[in-house]
Protein chains: 2
Amino acid sequence: MENNPVISESYRVNGQDLDRGKLVAETIDDLRRIFQAISDFSRHAERATGLTGSQLWAVKVIFESSSIRVSDLSRRMYLHPATVVGIIDRLELQGLVQRIRSTKDRRVVDVELTAKGNKLVEIAPDVAQSLLVRGLEEMTDECLTSVQEGMSSFAEILGVKGAAPRLILSNEVNIA
Amino acid sequence: MENNPVISESYRVNGQDLDRGKLVAETIDDLRRIFQAISDFSRHAERATGLTGSQLWAVKVIFESSSIRVSDLSRRMYLHPATVVGIIDRLELQGLVQRIRSTKDRRVVDVELTAKGNKLVEIAPDVAQSLLVRGLEEMTDECLTSVQEGMSSFAEILGVKGAAPRLILSNEVNIA
DNA sequence: TACAATTAATTTGCATATCAAATAATTTTG
DNA sequence: CAAAATTATTTGATATGCAAATTAATTGTA
């Protein structure tokens, strides 16, 4: 069902014809499918924990830092401070996180996981992550190497090779 | 990257070899970065068109089919009918789509793009898509082949190789 | 044919997410 | 000390998203 306006041309390489257009189209389709799989599994995690995607994301980020200011959390999540305040409110209502006013600078509020929050993080299926790990670990060495090189080149070409890898959680996602 | 005698090591050791672990971790980090890039560019597209992600997604799906029933649109978008009705309402208010009651079955409503909607689709940067296409087309043949094989294996292992590739548009996305 | 069941879209009600702008409290700076 | 900047929050507005109820039309069947 693709309307990929991909120019399909054959190039002569090393005496072989290579339909680059087809390769590009197939690669993009596969990438879409991978997104889809991750999307599905993330959704599953959300259902399993009873949290929304944003809430789960916040919990994971807080867990990573063990304690984090509201402003840093909003920066890490690329969300407006007002938005994360709302998310924290709802997580606090569920007894998963805890606000602690800093004594050093009384303007700042540190957010931590409660015992209940920590328990949830442990239980929460690291769906996408574990799915990917399991998938990659099942590969043969040659295959794994190929995937790794491919991903690496791809990241490089997209200009994000050096960047700090950001978390991924799905709602709807869309290469259009 | 050199291929050390990893192969001879990896089946000796109880499954988990240090080199393989590193490869897996790097691959997942790269995948995250790729998500991130797509995410950023999708966001850009949303800003450029003035539409939200869901609206843009709907417009693209409608465009693909040229005319689509509300129920089919909701199926294609994996959203509740009530949700897409709201989205269509807002797109209609902006004069981008048009509802047409079917004459064959007066229960169904077909949704089409207006002239304005079609113009928007053309102008709308196919950000992620074009980004990926451009990136892949810049690769050498060897590299492109490697990426393609890698993606293909990955999709296969995730069990989505045969699936119809779903669109991807970002809000927040999260491998956690 | 009439009437029940089904189907398609919509409406209503509710919770969440998201941003921008304004506000309050608290440093920091000049 | 007064002005400026920072931190979190509140307020107000719009969008998403689902479930349940509703309306209209079609299909199946007694």
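Every chain is numbered from 1, with letters handed out A, B, ... down the list of sequences. Values below: every heavy atom of this structure, side chains too, minus hydrogens, waters and symmetry copies.
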Fill in the blank from the handout: Nearest heavy-atom contact between A:Met77 and A:Ser54 is CE-O, 3.7 Å
Problem - Gap between atoms CZ and C1', on A:Arg75 and D:dA8 respectively (whole Å) - result: 12 Å
Problem - N/O (side chain, A:Ser54) to phosphate O (OP1/OP2, C:dT18) under 4.0 Å - result: yes
Handout entry: Phosphate OP1/OP2 of C:dA9 contacted by B:Ser71 side-chain N/O (<4.0 Å)
Key = yes
Practice task
Evaluate the side-chain proximity of B:Val59 to B:Thr49: yes if any heavy-atom separation is below 4.5 Å, no if none is.
Solution key: no
Exercise for the section: For A:Asp72 and D:dT6, give me the distance from atom CG to atom C1', rounded to whole Å. Expected result: 13 Å
Practice task
Look at the side chain of B:Ser102 and the backbone N and O of B:Val109, then say whether any donor-acceptor pair between them is shorter than 3.5 Å.
Solution key: no
Exercise for the section: Would you jot down, in residue-number order, the residues of residues 80-92 of chain B having a non-hydrogen atom under 4.0 Å from DNA chain D? Expected result: B:His80, B:Ala82, B:Thr83, B:Ile87, B:Arg90
Exercise for the section: Any salt bridge (charged side-chain N to carboxylate O under 4.0 Å, His left out) involving residues 84-101 of chain B? Give me the pairs, sequence neighbours left out, ordered by first then second residue. Expected result: B:Asp89-B:Arg99, B:Glu92-B:Arg99
Exercise for the section: Go through B:Ser65 and B:Arg76 one step at a time and tell me if the side-chain contact (heavy atoms from CB on, under 4.5 Å) criterion holds. Expected result: CA-CA 11 Å; B:Ser65 314; B:Arg76 288 276 289 276; 3.6 Å; yes
Completion exercise
Closest non-hydrogen atoms of B:Ala58 and B:Leu73, given as atom of the first, atom of the second and distance, are O-CD1, 4.4 Å
Practice task
Let me know the distance between CG of A:Leu51 and C1' of C:dA15, rounded to the nearest Å.
Solution key: 14 Å
Exercise for the section: Could you check how far CH2 of A:Trp57 sits from P of C:dT16, rounded to whole Å? Expected result: 19 Å
Practice task
Identify, residue by residue, the members of residues 101-112 of chain B with a heavy atom below 4.0 Å from DNA chain C, and return them in order of residue number, or none.
Solution key: B:Arg107, B:Val108, B:Val109
Problem - A:Leu51 side chain reached by A:Leu120 side chain, heavy atoms, under 4.5 Å - result: yes
Handout entry: Shared hydrophobic cluster, B:Ile68 / B:Val85 (ILVMFWY, side-chain heavy atoms < 4.5 Å)
Key = yes
Problem - Value in whole Å for how far the P atom of D:dA8 lies from CG of A:Leu79 - result: 15 Å
